[in-house]
Asker: 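Take a look at the following structure, please.
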Amino acid sequence: MSILNIFSNQLSAVIEWKNPKANVIWWKYPSKRDEIINASKLIVAPSQGCALVYEGSLVEIIEEEGIYNLKTDNHPFITTLVNLRQNFDSEHKLKIYFFRKAQILNQRWGTPNPIKFIDATYKIPVELGLNGNFSYRIANPKYFYTEIIGETDEFEAEAMSKTVAERIPQLIAQNIHEKKYSYIEIDGKIHDIAQEIKGEINSEYQNLGLELTDFRIVGTQFDEATQERIGRVADISADVQAAKEAGLDYVELEKLRALRDAARNEGGLAGAGLQFGVGMEIGKKFNEQSDTILAKGSADAAEQLRKLKILLDENIITAEDFELKKQEILRKM
């Protein structure tokens, strides 16, 4: 078969990736015979690259934009190809792939199931959901071709993004367990977690020719049971702080609350079997408890009144109790 007959069935004279689809990151120039016309022009547009696969081997990557004359250009492989043309026949196959150099932006990820851990500070089980987005690019086309693409004619970003996203929840769970973050720290540590996850993903995928250019955690969600537990912890923490301000400890604060509730509910008192009396006897015990606690505070009347006001604000004592104790303190001045 003459060279003229071979050329008649070869690719068109201009080889380019024209109007690429937004979601396609790797595309094979279509040809039945995988052959090229002598003196064809290869056009590599901005944000594109080109991979030349000759007889099953990736022999050259072109990442500089421009127009390449396949007869006269001085690229190493193209020059070699030109030299081979004198003996070219249909057994020599050249496949031309175009790939996207620009970033693949704002790919979404999320945790399909909540990340479970025991809060290191409050020792409560926590279930955490997260979501965000990431961007990446093909950093090493040779590895990307040999490890992922192979003979695929067209590869979409969605497939690659899914592969990256599947590893994210596991890496975040591992990070939270290693750092022993408390649930109250998570939102403040989002940037640090994101940067560490970005580094771990890059170290894992760099041998596949990918680079994560951006990684963000956008939102966090705690499940209802966790929110309820967190609410209880927050209430107790507020109580502890209030007790501290009143010169008490948390146990003493709870004792006062029990006496308060008993004073308001005679039936509940009896049902609990607390062996307390009713009426004036309960009031007497309430006052004795209040006297004992207030005696632990400063002798300064203003300080005692401040602590007494905290007990009123926390609904430990009534307004009447507050007025009585206030008058008592003022009389002692």
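As the structure is a computational prediction, the values presented were derived from the model and not from experiment. For reference, positions follow the sequence shown, starting with 1.
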Asker: Within the 4.5 Å heavy-atom criterion, are Leu52 and Leu58 side-chain neighbours or not?
Answerer: no
Asker: Could you check whether Glu151 pairs with Lys95 (Lys NZ or Arg NE/NH1/NH2 to Asp/Glu carboxylate O, under 4.0 Å)?
Answerer: yes
Asker: Are any of the side-chain heavy atoms of Phe134 and Trp109 separated by less than 4.5 Å?
Answerer: yes
Asker: Do Gln170 and Gln174 have side-chain N/O donor and acceptor atoms under 3.5 Å apart?
Answerer: no
Asker: Are the charged groups of Asp214 and Arg216 less than 4.0 angstrom apart, N to O?
Answerer: yes
Asker: Looking only at heavy atoms, which two atoms of Pro125 and Thr226 are closest? And how far apart?
Answerer: O-OG1, 4.0 Å
Asker: Can you give me the closest heavy-atom contact between Gly110 and Pro169, atom names plus distance?
Answerer: O-CG, 4.0 Å
Asker: Do Ile61 and Tyr143 belong to the same hydrophobic cluster, where Ile, Leu, Val, Met, Phe, Trp and Tyr are linked whenever their side-chain heavy atoms lie under 4.5 Å apart, directly or via other members?
Answerer: no
Asker: Of the non-hydrogen atoms in Gly129 and Thr111, which two are nearest, and what is the gap between them?
Answerer: CA-OG1, 3.4 Å
Asker: Flag the pair Phe98 / Leu42 as yes when at least one side-chain heavy-atom distance between them is below 4.5 Å, and no otherwise.
Answerer: yes
Asker: Checking Asn106 against Ser135: is there a side-chain donor and acceptor pair closer than 3.5 Å?
Answerer: no
Asker: Quick check: do Ile176 and Ile186 have side-chain heavy atoms less than 4.5 Å from each other?
Answerer: yes
Asker: Ignoring hydrogens, what is the shortest heavy-atom contact between Trp27 and Trp17? Give both atom names and the distance.
Answerer: CE3-CD1, 3.2 Å
Asker: To the nearest 0.5 Å, how far apart are CD in Glu158 and OG1 in Thr163?
Answerer: 10.5 Å
Asker: Could you give me the CA-CA distance, side-chain angles and deciding distance for Phe144 and Trp26, then say whether ring-ring contact (aromatic ring centres under 6.0 Å, His included) is met?
Answerer: CA-CA 10 Å; Phe144 190 71; Trp26 191 277; 5.7 Å; yes
Asker: Can you name the nearest heavy-atom pair linking Met160 to Ile25, along with the distance?
Answerer: CB-CD1, 4.3 Å
Asker: Quick one: OG1 on Thr220 to CD1 on Ile193, what's the gap to the nearest 0.5 Å?
Answerer: 9.5 Å
Asker: Linking I/L/V/M/F/W/Y whenever their side-chain heavy atoms sit closer than 4.5 Å, directly or via other members, would Ile118 and Ile172 fall into one cluster?
Answerer: no
Asker: Do the charged groups of Glu200 and Arg167 touch, with an N to O distance under 4.0 Å?
Answerer: no
Asker: Do Arg100 and Arg137 have side-chain heavy atoms sitting under 4.5 Å apart?
Answerer: no
Asker: Decide yes or no for Tyr68 and Ile15: does some side-chain heavy atom of the first lie under 4.5 Å from some side-chain heavy atom of the second?
Answerer: no
Asker: With ring centroids as reference points, do Tyr29 and Tyr97 lie under 6.0 angstrom apart?
Answerer: no
Asker: Check whether any side-chain heavy atom of Lys101 lies under 4.5 Å from a side-chain heavy atom of Glu63, and answer yes or no.
Answerer: yes
Asker: For the CG atom of Asn133 and the CZ atom of Phe215, what is their distance to the nearest 0.5 Å?
Answerer: 8.5 Å
Asker: Check the side chains of Ser161 and Tyr136 for a donor-acceptor pair under 3.5 angstrom, ignoring hydrogens and angles.
Answerer: yes
Asker: Going by side-chain contact (heavy atoms from CB on, under 4.5 Å), Gln221 matches just one of Leu128, Asn131, Leu130. Which one?
Answerer: Asn131
